[in-house]
Structure formats: C-alpha cells, structure tokens
Engineer: 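Input: one structure, supplied below.
Order of listing sets the numbers, starting from 1, for every ligand and every atom in it. Atom set for the values below is all heavy atoms of this structure, side chains included, hydrogens, waters and symmetry mates excluded.
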Amino acid sequence: MQESNIPLHIGLIMDGNGRWAKKRLMPRSFGHNSGMNAMIKVADRAKERGVKYLTVYTLSTENLNRPKEELEGLYDLFRGYFTKNVQKLYKKGAGVKVIGDISVLPQDVQKLLSDGVENSPEDADFTLIFAINYGARSEILRAVNTAVERGEKLDGKGLEALLYTAGIPDPDLIIRTGGEKRLSNFLAYQSAYAELYFTDVLFPDFDGNELDKALEEYACRERRFGKV
Ligand code: FPP
C-alpha cells in the first residue's frame with residue numbers, strides 16, 4: 001500500500017460488544033472490556049500503517065441513557081485506560097484528545113481525561129481521539145448557539161472552528177463494525193466526503209488484520225469530492 005493511499009484520519013464506530021458478550025453468556029461489561037482490548041490493538045496497527053488520527057466512538061449522547069450499571073462499567077474502563085494504557089501510548093510518541101461534552105461524567109473521570117489530553121506529547125505523530133458523550137447534532141447546535149451569542153455570521157471555516165474537532169482534519173474513512181449500516185450521529189458534518197466501510201465482525205473480534213482489510217478496500221476507492 002502506498003502512503004498516499006493511507007487515510008490520514010479514520011473514524012471508528014465500535015459496535016457489537018453487547019452481542020459478542022451475549023453469545024458467550026457474559027454480561028455486556030465483559031463485551032466492552034474486550035472491546036477496549038480490541039481498540040488498543042487497532043490503534044497500534046493504525047499508527048504502524050501511518051494513520052495520524054483515529055477517532056473512536058466510545059459513548060454517544062444517546063448511550064448515556066443506558067442502565068447505570070453499564071455506564072459505570074464504561075467509566076471504569078476509562079479510569080483503567082487513562083491511568084495505565086495511556087502511558088504506553090505516550091511512550092510510542094502518540095497522544096490523546098477528547099471530543100464531546102464530558103461535563104456530565106463523574107468528576108474523577110473528567111480529571112483523568114483532561115490530564116490525559118494535557119500530558120500528551122506536543123509533537124505526537126498519532127492521536128487517538130475519544131468521542132465521549134458525543135453526538136454530531138449537539139456538536140453542531142452548540143457551535144451555532146455560540147456563534148449566535150457572539151453575533152457572528154458563520155461561514156464553513158467559522159463553523160469548523162467551533163466544532164469539537166477544530167484543528168483536526170476531516171475523516172477520510174469511517175469504519176463501522178457489528179453489521180449495522182448507519183452513522184448514528186457520529187461526525188456527521190466532518191464525514192461529508194468520507195469513504196464508508198461496514199463489516200459484520202463484532203467489535204471485540206476486530207483486530208489489526210481486520211483494519212488492514214478496511215485499508216486495502218479504502219486504497220482501491222476513487223475519491224472524487226464531487227468532481228468528474
Ligand atoms: C457499542 O456496542 C459500543 C459502545 C456503546 C461502547 C464502546 C466502548 C468500547 C469499545 C470501550 C472503549 C474503551 C474505553 C477506554 C472506554 P453495543 O454494546 O451497543 O453492542 P451491541 O449492539 O451488540 O449491543
């Protein structure tokens with residue numbers, strides 16, 4: 001694969017953790033835990049392949065309505081990731097960012113996330129972006145309301161500067177695991193020209209080799225951006 005055919009930014013909808021756990025007669029939290037391990041492997045492979053940004057959909061605004069027990073399990077995963085695993089990422093020259101409204105999360109989780117972002121290397125050659133309590137519609141509404149409050153008339157650049165993703169290039173490729181073929185309120189504005197890749201593989205089974213399959217298909221797609 002030539003470097004020019006590698007997406008600069010991949011968005012990843014990590015679906016299928018619950019079904020994966022159910023098949024094994026295990027609780028959903030077991031599926032999310034295995035999903036986190038899959039995410040770590042996929043991030044490593046993406047970095048190795050020359051991808052610069054990987055945005056992972058860890059919690060949507062809609063997911064916040066899930067049972068308290070499941071949310072607590074996810075918060076524990078954040079606690080674990082942002083105390084242990086993030087250090088390994090830094091050692092590899094990579095960093096993290098967070099997009100979404102994290103103000104509703106437990107205080108200690110908010111602090112771990114902000115520290116994780118702050119302690120990231122300045123010259124990171126790979127950034128793992130966590131979408132947490134993220135929804136594209138609320139992201140756009142938030143940006144528009146900020147502009148209205150400021151009495152500002154927005155153009156494309158102005159709007160982009162007010163999105164959570166300000167300064168991050170648009171995703172070139174969106175991958176969704178778990179069989180559904182929709183974006184579910186993920187990076188709706190930014191993915192206007194992204195290539196979409198859907199796979200039936202449940203997220204805990206999605207690994208570096210599955211990522212390579214998506215990259216191979218991406219490399220064969222012709223991107224015209226509306227031109228002939
Ligand atoms: C959707 O699958 C997945 C989520 C709501 C959470 C994804 C989170 C992870 C993979 C863990 C990420 C890492 C950290 C550090 C928190 P689902 O449970 O809706 O699956 P289903 O459609 O089979 O029920």
Side-chain angles (χ1 to χ4, degrees), residues 10-47 53-90 92 94-102 104-106 108-117 119-120 126-136 174-187 198-208 210-211 214:
I10 298 179
L12 181 57
I13 304 175
M14 308 182 287
D15 198 12
N17 295 342
R19 278 165 285 163
W20 187 90
K22 197 172 177 197
K23 274 189 180 176
R24 288 159 179 79
L25 307 175
M26 294 297 279
R28 296 177 63 80
S29 56
F30 181 70
H32 292 318
N33 194 26
S34 306
M36 184 183 82
N37 293 332
M39 183 203 78
I40 291 169
K41 282 191 220 149
V42 173
D44 281 346
R45 182 65 63 93
K47 184 177 182 302
Y53 300 89
L54 175 67
T55 302
V56 288
Y57 207 6
T58 43
L59 198 64
S60 69
T61 45
E62 292 73 22
N63 291 156
L64 271 200
N65 299 320
R66 292 203 173 185
K68 196 168 170 263
E69 197 185 279
E70 183 171 350
L71 289 177
E72 282 302 330
L74 281 167
Y75 299 152
D76 276 346
L77 288 185
F78 288 128
R79 289 185 179 101
Y81 184 90
F82 278 84
T83 40
K84 274 189 288 168
N85 304 81
V86 79
Q87 306 297 335
K88 293 184 193 155
L89 204 67
Y90 297 158
K92 292 176 193 160
V96 293
K97 275 192 194 301
V98 174
I99 59 171
D101 175 13
I102 61 165
V104 298
L105 304 184
D108 68 308
V109 177
Q110 289 184 44
K111 171 90 171 79
L112 281 172
L113 296 173
S114 329
D115 288 351
V117 174
N119 297 331
S120 291
F126 175 81
T127 307
L128 181 57
I129 305 165
F130 288 83
I132 304 174
N133 189 20
Y134 171 86
I174 302 280
I175 299 174
R176 181 175 188 143
T177 65
E180 311 288 359
K181 294 181 176 62
R182 53 176 172 261
L183 290 181
S184 299
N185 209 11
F186 183 54
L187 300 178
F198 299 104
T199 169
D200 288 336
V201 173
L202 301 176
F203 189 65
D205 290 329
F206 192 87
D207 56 10
E210 291 295 334
L211 178 72

Engineer: Where is the tightest heavy-atom contact between Gly178 and Arg19, given as atom of each residue plus distance?
Structural biologist: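 That closest heavy-atom pairing would be O-NH1, 2.7 Å.
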Engineer: For the residue pair Phe78 and Phe130, does the interplanar ring angle fall in the parallel (under 30°), tilted (30 to 60°) or perpendicular (over 60°) class?
Structural biologist: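 The rings of Phe78 and Phe130 stand perpendicular, inter-plane angle above 60°.
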Engineer: May I ask you to list the atoms of ligand 1 that are less than 4.0 angstrom from any heavy atom of Leu77?
Structural biologist: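 Answer for ligand 1: 15 (C), 16 (C).
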Engineer: Considering both backbone and side-chain atoms of Trp20, is one of its nitrogen or oxygen atoms within less than 3.5 Å of a nitrogen or oxygen in ligand 1?
Structural biologist: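 For ligand 1, there is no N or O atom that lies under 3.5 Å from one belonging to Trp20.
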Engineer: May I ask which of Asp15, Asn17, Thr177, Leu12 has a heavy atom nearer to atom 9 (C) of ligand 1 than the others do?
Structural biologist: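 The option holding the nearest heavy atom is Asn17.
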Engineer: Give yes if a backbone or side-chain nitrogen or oxygen of Arg28 is under 3.5 Å from a nitrogen or oxygen of ligand 1, and no if not.
Structural biologist: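 Yes; at least one N/O pair falls below 3.5 Å.
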Engineer: For ligand 1, is Glu180 a contact, meaning one of its heavy atoms is under 4.0 Å away?
Structural biologist: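 No, Glu180 has no heavy atom closer than 4.0 Å to ligand 1.
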Engineer: Against Ile13, only a single residue in Val56, Ile175, Ile174, Thr177 fulfils side-chain contact (heavy atoms from CB on, under 4.5 Å); can you say which?
Structural biologist: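 Between Ile13 and the candidates, side-chain contact (heavy atoms from CB on, under 4.5 Å) is satisfied uniquely by Ile174.
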Engineer: With Pro204, which of Leu202, Asp207, Val201 fulfils side-chain contact (heavy atoms from CB on, under 4.5 Å)?
Structural biologist: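 Looking at Leu202, Asp207, Val201, the match for Pro204 under the side-chain contact (heavy atoms from CB on, under 4.5 Å) is Leu202.
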Engineer: Consider every N or O of Arg66 and every N or O of ligand 1, then say whether any pair is closer than 3.5 Å.
Structural biologist: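 Yes, at least one N or O pair falls under 3.5 Å.
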Engineer: Using heavy-atom distances only, which candidate in Met36, Lys22, Lys23 approaches atom 13 (C) of ligand 1 most closely?
Structural biologist: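 Going through Met36, Lys22, Lys23 one by one, Met36 has the nearest heavy atom to atom 13 (C) of ligand 1.
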Engineer: State plainly whether the residues Asp44 and Lys41 are in salt-bridge range, i.e. N to O under 4.0 Å.
Structural biologist: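 Salt bridge between Asp44 and Lys41, a charged N being under 4.0 Å from a carboxylate O: no.
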Engineer: So do Phe206 and Leu211 actually touch side chain to side chain, heavy atoms under 4.5 Å?
Structural biologist: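 Sidechains of Phe206 and Leu211: in contact.
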Engineer: Which heavy atom of the protein is the closest neighbour of atom 6 (C) of ligand 1, given with residue, atom name and distance?
Structural biologist: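 Answer for atom 6 (C) of ligand 1: Thr58 O, 3.3 Å.
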Engineer: Determine whether the side chain, the backbone, both or neither of Met39 has a heavy atom under 4.0 Å from any heavy atom of ligand 1.
Structural biologist: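 The side chain, only.
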Engineer: Is there a side-chain contact between Ile99 and Leu187 (heavy atoms, below 4.5 Å)?
Structural biologist: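 When only atoms from C-beta onward are counted, Leu187 and Ile99 do touch, with a gap below 4.5 Å.
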Engineer: Indicate whether any N or O donor in one side chain lies under 3.5 Å from an N or O acceptor in the other, for Ser34 and Asn37.
Structural biologist: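 Absent: no donor and acceptor within the cut-off.
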Engineer: For the residue pair Gly35 and Phe203, what are the closest heavy atoms and their distance?
Structural biologist: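 Minimum heavy-atom separation between Gly35 and Phe203: O-CE2, 3.1 Å.
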Engineer: Nearest protein heavy atom to atom 16 (C) of ligand 1, by residue and atom, and its distance?
Structural biologist: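 Sorting protein heavy atoms by distance from atom 16 (C) of ligand 1 puts Phe78 CE2, 3.3 Å first.
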Engineer: Identify, for atom 1 (C) of ligand 1, the protein heavy atom at the shortest distance, and state residue, atom and that distance.
Structural biologist: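 Here the nearest protein heavy atom works out to Met14 O, 3.4 Å.
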Engineer: When only distance counts, is Gly18 in polar contact with ligand 1, meaning an N/O pair under 3.5 Å?
Structural biologist: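 Yes - when backbone and side-chain N and O of Gly18 are compared with those of ligand 1, one distance drops under 3.5 Å.
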Engineer: Where is the nearest protein heavy atom to atom 4 (C) of ligand 1: which residue, which atom, and how far?
Structural biologist: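 Looking at atom 4 (C) of ligand 1, the protein heavy atom closest to it is His32 CE1, 3.7 Å.
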Engineer: Tell me, please: is Gly16 in heavy-atom contact with ligand 1, that is, under 4.0 Å?
Structural biologist: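 Per 4.0 Å heavy-atom rule, Gly16 contacts ligand 1.
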Engineer: How far is atom 5 (C) of ligand 1 from its nearest protein heavy atom, and which residue and atom name does that atom have?
Structural biologist: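 Minimum-distance protein heavy atom for atom 5 (C) of ligand 1 reads Asn63 OD1, 3.4 Å.
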Engineer: Ignoring hydrogens and geometry, is there a side-chain-to-backbone donor-acceptor pair from Tyr57 to Gly11 under 3.5 Å?
Structural biologist: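 Looks like no, no N/O pair under 3.5 Å.
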